[in-house]
Every structure is written in C-alpha cells, then in structure tokens.
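Accompanying notes for the structure given below.
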Protein chains: 2
Amino acid sequence: MNGRTVTIAQVAKHAGVAVSTVSYVLSGKRTISADTRRRVLDSISALGYHPNAGARALASKRSNVIALVLPLRAGVHVPVMMRFAGAVVTAARRFDHDVLLLTADEGAAGIRRVAASALVDALVLMDVEMDDRRVPLLRELAEPSVLIGFPAEPGGLTCVDLDFRAAGARCVEHLAERGHEEIALLGAPSVVYERGTGFARRTREGFVEAVEAHGLTGVALPCEETFDDVYETVRDLLLDHPGTSGLVVHNEAAVGHVLGALRQLDRRVPHDVAVVAICPDDVAERASPPLTSVLIPAEEVGREAVRLVMDKLEGRVVPHSTLLAPQLAIRAST
Amino acid sequence: MNGRTVTIAQVAKHAGVAVSTVSYVLSGKRTISADTRRRVLDSISALGYHPNAGARALASKRSNVIALVLPLRAGVHVPVMMRFAGAVVTAARRFDHDVLLLTADEGAAGIRRVAASALVDALVLMDVEMDDRRVPLLRELAEPSVLIGFPAEPGGLTCVDLDFRAAGARCVEHLAERGHEEIALLGAPSVVYERGTGFARRTREGFVEAVEAHGLTGVALPCEETFDDVYETVRDLLLDHPGTSGLVVHNEAAVGHVLGALRQLDRRVPHDVAVVAICPDDVAERASPPLTSVLIPAEEVGREAVRLVMDKLEGRVVPHSTLLAPQLAIRAST
DNA sequence: TGAGAGTGTCGAAGCGCTTCGACGACCGGC
DNA sequence: GCCGGTCGTCGAAGCGCTTCGACACTCTCA
C-alpha cells in the first residue's frame, strides 16, 4: 500500500534480488530456488504488485488480450450471442487473457487496427457470414484467429460451430422415431437466409436430407419474429399441409410465438403437433410445455474457440474445422 | 508494406524528420508546420503505420482502453444489456478508446486487476445493485468510473440511468388520462426485488406514488418470466381485482407472455385492458398489438456514460447523478 | 582431481513511444 | 540593429518490463 503504482524494481529491492529474478519468478521461464521464489512472492503480496500491462506487452510482444468481434444487428438473436461472449471471457481468463470487445460495424478496419497496434494477440469472430468480407483480411493477418461459424470459403481458417446439419437431421430422426410422417421446419427470418448466414442454411440442408432419408414429407419455411407473422406462417402451414404433425423450430425469438399460435389454433402440444426446437436450454425449459430440443452449446463453443486460439498462439497446429455434435434433450413437447 | 511491423522511427526516417516530430504530428501537442505535417502524414499512410498500443500506454500512462463490466446472470434481460454494451463500444470509439469486456463474476478482483495493471484508464459498470460490493473499491480507485444504475449509497460516485421513478409515474399518468381508475404494475421477477436492484424498486415507487397522487387504485406485483407463471399472475390479478383496466408491464421477457395470457383470457387489448410497457422500442413495436411504452434509452445511457467517464479522464468535474427523462411513445395498446 | 555440465542469479540492452528542455530561425518593436 | 518572443524541430531521457549472455557456484564422473 505505498503512494502510487508499484513497479517490479521496488519488488526486487524489497526482496533483495535483481529485477530479472522477479521477472523469472513470475514467468517461470528459468529455474529459481524455492527460497528465492518465496521471498519474491512475499514481497509481491506485501507491496501489492501488479505488472504493468503496457510495459509487459511492449517487452514481450504479447498483450495477453484477445479480441472478440460481435455482430449487433437484426436477425441475430442477442441472448445466444451473450452466452457465447460470456463463455469466451470466462475461458480467456482461464488462460490469463482479457477480452477486447469489437463490434462488427467497425468492420475490417477495426480488426486491422487492433491487430496492427498489437493491442490484441489473437481474434475470435462470431456470426460469420458465408461470404464474409473480413475473411480475406484474417487470412493475411499475422495474428491467429478463430471463427465461430463457417464462411463459404474457410480456406485455411479455423472454424468452430455446432454441427447444424446434424442438428437438423437429429430433429427429423427424433420425429420419425415418434412416428410422424409429415413434418415442417420453421427456420430463421428470410433476411438471414438471404444474407447467407451459414447456420440457418446448414440446418435446413440437414432437415431436407434427413426427410428424404427417412422417407417422410416435409417443408422448410423461413419464419419472422413477430407474433402476427408467426401466427400466419403456422396457420398457412396447417392449411396447406393438414397432415403435419411434427414441427422443428430453429428460431429462438419465434419459439414462444409458435407455441402461442398453436394454442390459438387449438392444436395441443404434443398431442396434435409435436415440437422440437433448436435453441439454448433455458429457452426450451422456460417454454410451455417445456420443449424437446437440440441445445445450442454456447458455453462449449465459446470455450472451444478460446482453446483453439490459445493453441494457435502457442504455435500448435489445430484442426481447421471443429463441429460439435448435437445433443437432443427430450422434454414434454414430443 | 514492409516486412513486419512499422515503427515510428521508420516513419520519421521516411519523412526526414525526428521521431518526436512524428509523435507531435499525431498528438497535436505542439505546433507543426503544415508542410512537415503533410510529409509525415504521407509517410504514415505510405508505410501503413499504426502506433504500438503497449509502447504508447507505457510512455503516456494512458492505455486508451476503458473497462465495461457486465453482469451475465439470472433476471437480467440480456438484449437490453447488449444494447447498452453496443452503445458503449460505439461511443468509446468516438473518443478513440477501445473497450475491455469484464464479466461481473470476476467481481472486485477483476476490477482491481485491470486497474492496477494499467490495462484500462477508466471503468463503466452496469447493473449496479443497491448494496454493491464493488462500490467501495471504485471509490478508492485512482481510475475514474461511471455506474449505469444507482447503488443505495452513491456517495461521490458518478451514476447515470433512466429516471425509472419518473417512468413508473409517467405510465400511471398516461393511464389516468385515458380514464382508467384501477390499474396494476407487473414488475421484475421477485428475485430481482430481493436482490435490491435499484431500477425495479424505483419504478415501483414511482408507480405507487403516482397512483396515490391521481387518486387511483393500483397493485404492484412481481412477475416471473415463464408463460405459465405470467398466465397465473394475470389470471389471479383479474380475479382479485376484476375492475382492473390498465396494466403497466416492466419486464421485457414477460411482455409477450402478458399479451398471450390476455388473449387466452379473452381480454382484448386495448379494449378491455390497456397495456403500457417499459421496455426497449423494438420489443414494444414487435408486440401484437404494438405497445405504448416508455422506451429504455439504452443507446443514450451508454453514450452518456462514456461521455461522463471521458470528461472525468480529462479532469473535468461532472455531476454525480444523471437521470434521463422518460419518453412515452403512444402505440396501439392504450 | 579437474573438465564438463548443470543451477541460480545478475546486469544490461532493448521494446516503441511520449515528453521535456534546448536551440536555431525568424518576427516585430524600439 | 539589437533584444525578447514565438515557432518549429530535434535529441535524449525515460516509462516498466522481458530476455539474453555472463558468471559464480555446485555436482558428477572419468
């Protein structure tokens, strides 16, 4: 508790050793006798020393900060986003790193800026589009990066995500096991498909393939997020395909509205219509009735992304593509 | 486009000036002739120079980074949170600062760490509780900070928020103008009141005071976030107080459920029951029918918080308390 | 018993930037 | 025509840390 900030030199003096010795105690990069180590550690806590981040970054060429690039725009379900973000921060701390928050609307310029200024050692990007303009930049950057989601041309980049194709298929499979023969997918808002966001398309592909493989009939529809739109979509679906007895919903914001619409159309869940959702667990559990769902393992994806980026920082070779297997949780809706 | 990172020395050489001159061009802290400035600027863009953040922080004792401390836990509505976060990032960039993301679960230790290591120049904290354990720490820190929300004992700290008391009152006033005499407030989940979160309590106080002032009758109820709970709450409310014709909803997650419950109970909005919400604009607009609402001016609050913290960094004196006046947007639900 | 191989520690050289004091060059005023 | 003032620029001294090479020991084993 001295006047102002404590430096490594003060610690060294207090412990009666050289500055470099203190540094080596902290980094563990050279062997230090148990005795000296203890004295240094004692001085550190006695003085309340915290290494200066700037000085450390300057000397070591490592800032111990990673950038997290988040989208903040329409069609992206924000709570899911935050689950990822929370997981990334927590995981990064476990590797003794902090997280710098970048919004996607600063775009490529922001990424270039934080990388060139050595503000961050590495980057994690979320909500990557099929044809993402930042992808080429990432490729030429010296700093390692990991994408959450897959662009159309991952070429050399490291990507992690839930295996949405398998998730779509898993839902179909489950409905098939339950004996449903005519089913439908209610997906993301159409703007999301148009933008070419990967996860929405891949779920649809998995759905379509599995429908064929199991010899079912099925339609895949985009789905907006207001109650009225959802109501219309569901009503029209049941008019056009009256035999529909199973629904796959891949749209967190619409899940509640779908259930509301079914209630209003006098279809009971799961008696008249079975519903499987692809959404975070808490959304599925909070619904009425609680929904059978493939959970979006936000925490796991975030953690995995950080693990990969840290491995790359250490110079280890990591797989280009990491797909997390879908897990189906069976609840009251099927 | 040279081999690796470009330093200020290379820029100086390229422009034929001293290193310090380049620095002064960049910071504007000494007068530089137009001619020299142009040459330096040209060299900078020719070489693609970006100042090294670590070196700059070390020499200037300013990292140009502010910390944003976010909660990520139950009862906090995440999308609103993200709106704040986005606004803070955008505003900070406008002051040439970046944002380091800290989660509240690292608690006081995390704050102390980033402050002591000079990783950040200042802090913005969200979702402050009435009796927040981080408040005393903030007070003894050399780094300036701004709270979004009010603790019970702000003593000396700088706080910004929507004036929730006025917001609660404004809703009552609006319902009174429309001729409603028996009204109710559906608030946050009870856990939020128990934790002593300020905004929930203050809205309730404003509601209660205004009900008295206008000579109405009114009850204030906590409100959970699952459909079933909301349905029960609304049903019981209408049983116990059959004359209730106006509802104030201050719970973003429950807004949709409240409307669903009213539909199921055959009450038409606004014909049988008028509904005013306190929630972000997009939630109010997306509801069916679109809701009259006091908007939570997330962007404005975030921007204001950053402005205040920057003022404090510059050594300016700022007001301890900034309350943003509520704005009522009238839509179809009243 | 002495060469060789570790250990444990130290001193000093940067890392890339900001900032302070110094110093010509040029200005206007007397 | 000399003096005091800007104005514009420069050189050098750090900022607090990491890391490299050096060095004094202590073991080991031929």
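All chains are named by letter (A, B, ...) in the order of the sequence lines, taking the proteins before the strands, and each is independently numbered beginning at 1.
- Contact of the B:Ile296 side chain with the B:Arg83 side chain is not registered, since no non-hydrogen atoms from C-beta on lie closer than 4.5 Å.
- Looking at B:Arg303 and B:Glu300, no side-chain N of the basic residue comes within less than 4.0 Å of a carboxylate O on the acidic one, giving no salt bridge.
- Nucleotide C:dT18 holds its P atom 13 Å from the NZ atom of B:Lys61, rounded to whole Å.
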Atom pairs, N/O to N/O, protein against nucleotides 5-8 of chain D, distance under 3.5 Å?
unit_1, atom_1, unit_2, atom_2, d
D:dG8, OP2, B:Thr31, OG1, 3.0

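- No donor-acceptor distance shorter than 3.5 angstrom exists from the side chain of B:Arg133 to the backbone of B:Gly107, with no hydrogens or angles considered.
- One can place CG of A:Leu58 at 9 Å from P of C:dC17, the figure rounded to the nearest angstrom.
- Taking atom CZ of residue B:Arg56 and atom P of nucleotide D:dG16, one finds them 18 Å apart after rounding to whole Å.
- Between B:Ile8 atom CD1 and D:dG14 atom P the separation is 19 Å, expressed in whole Å.
- Residues B:Phe150 and B:Leu323 form a side-chain contact, since some pair of their non-hydrogen atoms from C-beta on lies under 4.5 Å apart.
- Of the residues in residues 13-29 of chain B, B:Val19, B:Ser20, B:Ser23, B:Tyr24, B:Lys29 come within less than 4.0 Å of DNA chain C through at least one heavy atom, sorted by number.
- Looking only at side-chain heavy atoms (C-beta outward), B:Val25 and B:Val17 stay at 4.5 Å or farther from each other.
- Residues B:Ile8 and B:Pro51 fail the side-chain proximity criterion, which asks for heavy atoms closer than 4.5 Å.
- Residues A:Asp132 and A:Leu125 have side chains not in contact (no heavy-atom distance under 4.5 Å, counting atoms from C-beta outward).
- A:Arg37 places its CZ atom 13 Å from the C1' atom of C:dT7, with the value rounded to the nearest Å.
- Protein atom CZ of A:Arg62 is 16 Å distant from nucleotide atom P of C:dG16, rounded to whole Å.
- Salt bridge B:Glu106/B:Arg112: absent, no basic N to carboxylate O contact under 4.0 Å.
- Panel note: side chain B:Asp121, backbone B:Asn64; a donor-acceptor pair is recorded below 3.5 Å.
- In this entry the distance linking CG of A:Asn52 with P of D:dC15 reads 12 Å, nearest Å.
- Spacing between atom CG of A:Leu119 and atom P of C:dG16 amounts to 16 Å, rounded to whole angstrom units.
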